[in-house]
Amino acid sequence: MNMVQESYLAWLSGQEESERIEAYKQCENYYNGEFDLEELPPERVRKALQQELSISANFCKAIVDAKMEYLCSKPCSLVVSGNAYGEVNEKTQARIGECERDLYHIYNHEYNSLLDESMGKLVTICGKKGDVFVKLFHDDTIPVDATWGILDQIQIRVLDPQYVFPRYRDDDYQRLEYVIIKTPSLDEDGTPIMKAQVFYPDHVDFYEDVSENGSQISNWELVATQENPDGFIPIQHIKNGVSDLQYGISDIRPIIDLQNAINKTITDLFVSMDNTAFQRLVISGALSKPGAKINMSPGNVLELLDPESKVTTIEPGDVSAFLQPLEKFIDILHKIAKVPKIAFGDDSGGGTPSGYALRVQYMPLELKSSPLREIIKNQFNVLNAKILKMLNRLGYADYTDLEASLEFNDGLPVDDAAVTDDTIKLKEARLISTPSAMKRVGIEDAEEEQKLIDEESFQEDTFGIGRVSTEAGIVAQALQGATITAEAQPENVPASQIPK
């Protein structure tokens, strides 16, 4: 190894990166409800807290999941357009359709699923830990399909940030110098080893470490170096939020103290209920053994030495003093986390809110989620450009003059009835066309829908109730005032001879 390689291996195991990994682990524990509960409560209370309250009172997971569900409630979409400086003619428009079709196939591949399932995973990791990485690579071990060719071999993976170490050229954290990916693995004998890939724009270094934690530089061994034919680092760093820091900020970190306060309050509530929730009996005047230990637990009798015998009771304690601060902590947590209670299914406000009221309540969550949405879109625009370059290098197609972007659907609640009423008014006022009105109410193929409407109208006019009613009205008007009598038919006349 040369001095450069030794320097980044030293940085890999440095104090700063170690602290980052520890912060990830703490956020992961809070997300999973693995809190450090106090050892003061009785054993049965600790078990109850660990089995029940670590889940039901786990606001950290609910906060992260609410943001993911808001951004990923509907699958994302891809939009391909011509270069801003190029002319979009009929031929270019056809190529745009082909490029969009190919990108959709790559994104929807069973190993990628980046428009729905993997995108939810990406947003969850980013909100939970503050960072997430996306890796692009060509896997030539996947069989080539006769229809799609090498498109099935274009793979995109969402990486856990605790195994990725980006190194930037300067302190604005825009240009990557190299990226290290550490992965635990097994050698041929089944012995656990640590592997590392170091991606440069022009080459990739491969290292192995046979020690347990990979902390010693001398244990890393350079095993291979290969050319990077694409000429770019195939990894995108997505940060949670906009800041001047090298790494993003977890959504869990600002609410850890409040989560601890809620856990402490619930613990106190359980301890109080365990000791005072039952009515207790007090008997005075009864004789007990001298020095006998008095059990104060619920369901036991408390004996007191008194010359006047009597029986009294101690009523159960009032736990409302614990519930009030608990509710206050929860209110503060919602404000700091910028997640409305209604996102948790809390309808304590009473009644069914309108679409506009829902949008107002969800606005803090929209303001919180919009920076991450834009960051993901920007990073995926860069990733799409890299995919098009890779397709060109592999000889599949040259789409490098086109631009492809990722789009999220609006997550704000919509009042369908209000949208329909507004659309009808705009159409009646001739402010929008029929196809535009159909798109506003969710009809994607307006042209096909109009054909069906015209066909139904033709059938009703030709064979339907409307025509029958119209003709019946005309006949009734013509016969108005006329008297209709039935003629008597002669007897014994065959039916075939009766005039029709």
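Side chain of N409 to main chain of P75: a donor-acceptor pair is present (N/O by atom type, distance under 3.5 Å, no hydrogens or angles). A donor-acceptor pair is defined here as one N or O able to donate and one able to accept, closer than 3.5 Å; no such pair exists between the side chain of D139 and the backbone of Q155. A donor-acceptor distance shorter than 3.5 angstrom exists from the side chain of N108 to the backbone of Y104, with no hydrogens or angles considered. Side chain of D102 to main chain of I106: no donor-acceptor pair is present (N/O by atom type, distance under 3.5 Å, no hydrogens or angles). Formation of a donor-acceptor pair under 3.5 Å by the Y24 side chain with backbone atoms of P161 is not found in this model. Of the possible donor and acceptor atoms, none in the side chain of N32 sits under 3.5 Å from a partner among the backbone N and O of E34. A donor-acceptor contact shorter than 3.5 Å is absent between the side chain of D209 and the backbone of M194. A donor-acceptor contact shorter than 3.5 Å is absent between the side chain of D160 and the backbone of Y163. D205 contributes no side-chain N or O that, together with a main-chain N or O of F199, makes up a donor-acceptor pair within less than 3.5 Å. At least one donor-acceptor pair closer than 3.5 Å links the side chain of K239 to the backbone N or O of Q246.
Side-chain atoms of S250 and K129, non-hydrogen and from C-beta on, never get closer than 4.5 Å to each other. Counting heavy atoms from C-beta on, the side chains of D152 and V144 never come closer than 4.5 Å. Here the side chains of L159 and V134 are not in contact, with every heavy-atom distance at 4.5 Å or above. S77 has its side chain out of reach of L115: every pair of non-hydrogen atoms, C-beta onward, lies at least 4.5 Å apart. Side-chain contact between V132 and V164 is absent, with no heavy-atom pair separated by less than 4.5 Å. Looking only at side-chain heavy atoms (C-beta outward), F380 and L122 come within less than 4.5 Å of each other. Looking at heavy atoms from C-beta onward, I63 lies in side-chain contact with K368 at the 4.5 angstrom threshold. With a 4.5 Å cut-off on side-chain heavy atoms, I150 and D145 do not count as touching.
We find that R373 and E366 are joined by a salt bridge, their nearest charged nitrogen and carboxylate oxygen being less than 4.0 Å apart. Looking at D131 and R20, no side-chain N of the basic residue comes within less than 4.0 Å of a carboxylate O on the acidic one, giving no salt bridge. Residues K74 and D116 are not paired through a salt bridge, judged by the lack of any N-O separation under 4.0 Å between the basic side chain and the carboxylate. Salt bridge present: D251 and K67 bring a charged side-chain N and a carboxylate O closer than 4.0 Å.
Applying the salt bridge (Lys or Arg N to Asp or Glu O under 4.0 Å) rule to K61 yields the partners D65; only residues at least two apart in sequence or on another chain are considered. By the ring pair (Phe, Tyr, Trp, His ring centres under 6.0 Å) test, Y173 is found to be paired with Y168, residues two or more places apart in sequence or in another chain being considered. Among residues two or more places apart in sequence or in another chain, the salt bridge (Lys or Arg N to Asp or Glu O under 4.0 Å) test is passed with R393 by D230.
Using the six-membered ring where Trp is involved, W220 and Y207 have ring planes that are perpendicular, over 60° apart on the 30 and 60° scheme. A parallel orientation is assigned to the rings of H203 and Y200, their planes being inclined by less than 30° (bins at 30° and 60°).
Heavy atoms from other residues, nucleotides or ligands lying under 6.0 Å from CD of E117 number 12 at most. Heavy atoms of other residues, nucleotides or ligands lying less than 6.0 angstrom from OH of Y111 number 12 at most. For K377, the NZ atom sits in a packed shell: over 12 heavy atoms of surrounding residues, nucleotides or ligands are nearer than 6.0 Å. Counting heavy atoms of neighbouring residues, nucleotides and ligands inside a 6.0 Å radius, atom NZ of K386 exceeds 12 of them. In the displayed structure, D172 atom CG is contacted under 6.0 Å by more than 12 heavy atoms of other residues, nucleotides or ligands.
Across all non-hydrogen atoms, the minimal contact from C76 to L406 is CB-CD1, 3.7 Å. Residues G82 and L402 come closest through the heavy atom pair CA-CD2, 4.0 Å. Here the shortest heavy-atom pairing between C126 and I238 reads SG-O, 3.8 Å. G120 and M68 get closest at one heavy-atom pair: O-CG, 3.4 Å. The two residues I154 and L394 have their closest heavy-atom pair at CD1-CD1, 3.8 Å. Of all non-hydrogen atoms in C27 and I252, the two that sit nearest each other are O-CD1, 3.4 Å.
Put simply, CD1 on I255 and NZ on K335 are 16.0 Å apart, with the number rounded to the nearest 0.5 Å. Rounding to the nearest 0.5 Å places NZ of K328 at 12.0 Å from CG of L326. I233 CD1 to L176 CG: the interatomic distance, rounded to the nearest 0.5 Å, is 5.0 Å.
Judged purely by distance below 3.5 Å, without hydrogens or angles, the side chains of Y399 and N384 never pair a donor atom with an acceptor atom. Using modelled atom types, one finds no donor on one side chain facing an acceptor on the other under 3.5 Å when comparing K182 with Q162. N263 and Q259 are linked by a side-chain donor-acceptor pair at a separation below 3.5 angstrom, with hydrogens and angles left out of the test. Residues N381 and S405 have side chains that never bring a donor and an acceptor to within less than 3.5 angstrom of each other.
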For this session: In sequence, state the C-alpha distance, the side-chain angles, and the governing distance for E374 and N378, and then conclude on side chain to side chain donor-acceptor pair (under 3.5 Å).
Result: CA-CA 6 Å; E374 295 304 315; N378 293 337; 5.4 Å; no
For this session: Just do the side chain to side chain donor-acceptor pair (under 3.5 Å) check on Q174 and R169 with the steps written out, would you?
Result: CA-CA 8 Å; Q174 296 296 323; R169 291 181 180 273; over 6 Å; no
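A cation-pi arrangement is found for K135 relative to F137, the charged atom lying closer than 6.0 Å to the ring centre and inside a 45° cone about the ring normal.
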